[in-house]
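Written below as structure tokens is the structure these notes are about.
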2 protein chains.
Amino acid sequence: MTSNRPYHHGDLRRVLLAVAVEAIEEAGPAALSLRELARRAGVSHAAPAHHFGDKSGLLTALAVEGFELLAQAMRAAGDDLLEVGVAYVGFAVRHRAHFEVMFRPDLYRADAEEVRTARERTGALLRSGVAAVSGGPDGAGDVRRNTLAAWSIVHGFATLWLAGALPPDAGGDPQASAREVIGRLFA
Amino acid sequence: MTSNRPYHHGDLRRVLLAVAVEAIEEAGPAALSLRELARRAGVSHAAPAHHFGDKSGLLTALAVEGFELLAQAMRAAGDDLLEVGVAYVGFAVRHRAHFEVMFRPDLYRADAEEVRTARERTGALLRSGVAAVSGGPDGAGDVRRNTLAAWSIVHGFATLWLAGALPPDAGGDPQASAREVIGRLFA
DNA sequence: GATCCTAACTTGTCATTGACAAGACGACCC
DNA sequence: GGGTCGTCTTGTCAATGACAAGTTAGGATC
């Protein structure tokens, strides 16, 4: 057990995050165990602590990564607000581990500087998307309310889908269902 | 430490649930410890297991109670769908511990019979509320989509508020903000 | 190319926890 | 007043998170 694996893993931080995503997808963030991650990565039980300090440190890193991935997914969706919303749902479905951690601030250090900037960057993206379509008369107030409405409907759909709370007829293709539902907001 | 407390607590099950709500409100469901609950209730560390089997058993009971309380709150809101939505948000805010557990199926036995019936009862209430206002032409399809949209926006708002993800200007009175946002869906 | 320096990782340990087994207690019934 | 069963306790075990102290090697400096 001692031999051919090099002492310095070289990429352990990244591997641990990847393995954490796997584990969370299998059993949820509550069941996450640092020692289990170490086992999957093939390192000693204390190795994760070196890179992340403690469990919440690891989840903090995951949350930051999540907000960055989400911003990226939203940017890739283009200028159509409807498609940005669909991309939000798509992100939640494809990166459910990240998503579940991001909006569970009791699991990590939500007040950490890196988290706040990552989250703020993503939020600004959403607001500007809403502002682009809210050409109504009373600008600012409308944008605020419309942002809240758009974010709520998209986030709610994603959350309910992940929780398995939706009736089976919405389950097949979440992105298609989401498109219908979000469209309802613009009708 | 041995004396005046009676051996049979008499109401332990209910007390444990109440104490669990307190603990979850303080530190989130992830940090919940059965032994800590026992300490707060003034009983031995194994007493909770007798009533709930294990941790997920306790959370299952909490979830069932939560779905019942939610149904009750929605019924009390009357026939106006907007007010039902506001009541949904109000429930989430006032019973955040229940709410947070209810939609985290990895924490409890979501497939338990009691859970499924309680959840189904609540879902039916929502659907009938939506059906009452969806007087449109193609009945069933519209009701399905409108239910999903209404539930999503309300659930999303509640979830984001609980996660502390909303910008501060939405924080003051969540129910008032929710009313604005939900109104946006009917405009 | 020897030395040092520091980041990366390991071994060892402790308090806490969830789960289980076995036993003590007492309310209720006949 | 003797059983009986649900309620609660004591005792224990493996697993976990956190921390302390030691080990290894990559790379800079001379």
Side-chain angles (χ1 to χ4, degrees), chain A residues 1-20 22-24 26-63 101 104-110 112, chain B residues 1-20 22-24 26-63 101 104-110 112:
Chain A
M1 212 52 183
T2 48
S3 48
N4 58 6
R5 175 166 46 82
Y7 196 95
H8 285 72
H9 188 288
D11 207 18
L12 185 54
R13 191 189 145 94
R14 189 178 310 269
V15 169
L16 285 173
L17 285 175
V19 164
E22 277 180 28
I24 292 174
E26 288 169 18
L32 191 68
S33 145
L34 289 184
R35 287 171 112 105
E36 167 69 15
L37 296 187
R39 252 172 263 132
R40 293 194 191 202
V43 293
S44 83
H45 64 86
H50 173 69
H51 288 279
F52 300 103
D54 59 2
K55 196 171 177 175
S56 72
L58 187 145
L59 293 175
T60 302
L62 248 184
V101 172
R104 217 157 290 183
D106 55 311
L107 292 181
Y108 63 96
R109 286 188 279 276
Chain B
M1 211 52 184
T2 48
S3 49
N4 59 5
R5 175 165 45 81
Y7 196 96
H8 284 72
H9 189 288
D11 205 18
L12 186 55
R13 191 189 144 94
R14 189 177 310 269
V15 168
L16 284 172
L17 286 175
V19 163
E22 277 179 28
I24 293 174
E26 289 170 18
L32 191 68
S33 146
L34 289 184
R35 287 170 113 105
E36 166 69 15
L37 296 188
R39 253 172 262 133
R40 294 194 189 202
V43 293
S44 84
H45 64 85
H50 173 69
H51 288 278
F52 301 103
D54 60 3
K55 195 169 177 175
S56 71
L58 186 144
L59 292 175
T60 302
L62 247 184
V101 171
R104 217 157 290 183
D106 55 311
L107 292 181
Y108 63 98
R109 287 189 278 278

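As a basis for the values below, the full set of heavy atoms in this structure was taken, side chains included, without hydrogen atoms, waters or symmetry mates.
Residues A/L62 and A/F52 are not in side-chain contact: their nearest non-hydrogen atoms beyond the backbone lie 4.5 Å or more apart. With a 4.5 Å cut-off on side-chain heavy atoms, B/L32 and B/L59 count as touching.
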Filtered N/O pairs between nucleotides 20-22 of chain C and protein, under 3.5 Å:
none

Can you tabulate the close N/O pairs, meaning under 3.5 Å, that link protein atoms to atoms of nucleotides 13-16 of chain D?
| unit_1 | atom_1 | unit_2 | atom_2 | d |
| --- | --- | --- | --- | --- |
| D/dT16 | OP2 | A/R39 | NH2 | 2.7 |

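Listed by chain and residue number, A/P105, A/Y108 satisfy the side chain to side chain contact (heavy atoms under 4.5 Å, CB included) test with A/A110 (two or more places apart in sequence, or in another chain). Scanning for side chain to side chain contact (heavy atoms under 4.5 Å, CB included) contacts around A/A30 gives B/D106, B/L107, with sequence neighbours left out.
The CG atom of B/D11 sits 15 Å away from the C1' atom of D/dG6 (whole-angstrom rounding). Look at CG on A/L58: it is 15 Å from C1' on D/dA18, rounded to the nearest Å. Between the NE2 atom of B/H50 and the P atom of D/dC5 there is a distance of 14 Å, rounded to whole Å. Distance CZ (B/F52) to P (D/dC8): 11 Å, rounded to an integer number of Å.
Contacts classified as salt bridge (charged side-chain N to carboxylate O under 4.0 Å, His left out) and involving residues 27-38 of chain A (residues at least two apart or in different chains) are given here: A/E36-A/R39, A/E36-A/R40. Sorted by first and then second residue, the salt bridge (charged side-chain N to carboxylate O under 4.0 Å, His left out) pairs involving residues 47-61 of chain B (not counting sequence neighbours) are B/D54-B/R109.
The phosphate of C/dA7 (OP1 or OP2) has no side-chain N or O of A/H51 nearer than 4.0 angstrom.
B/P48 and B/L34 get closest at one heavy-atom pair: CG-O, 3.8 Å. Across all their heavy atoms, B/L58 and B/L17 have their closest contact at O-CD2, 4.1 Å.
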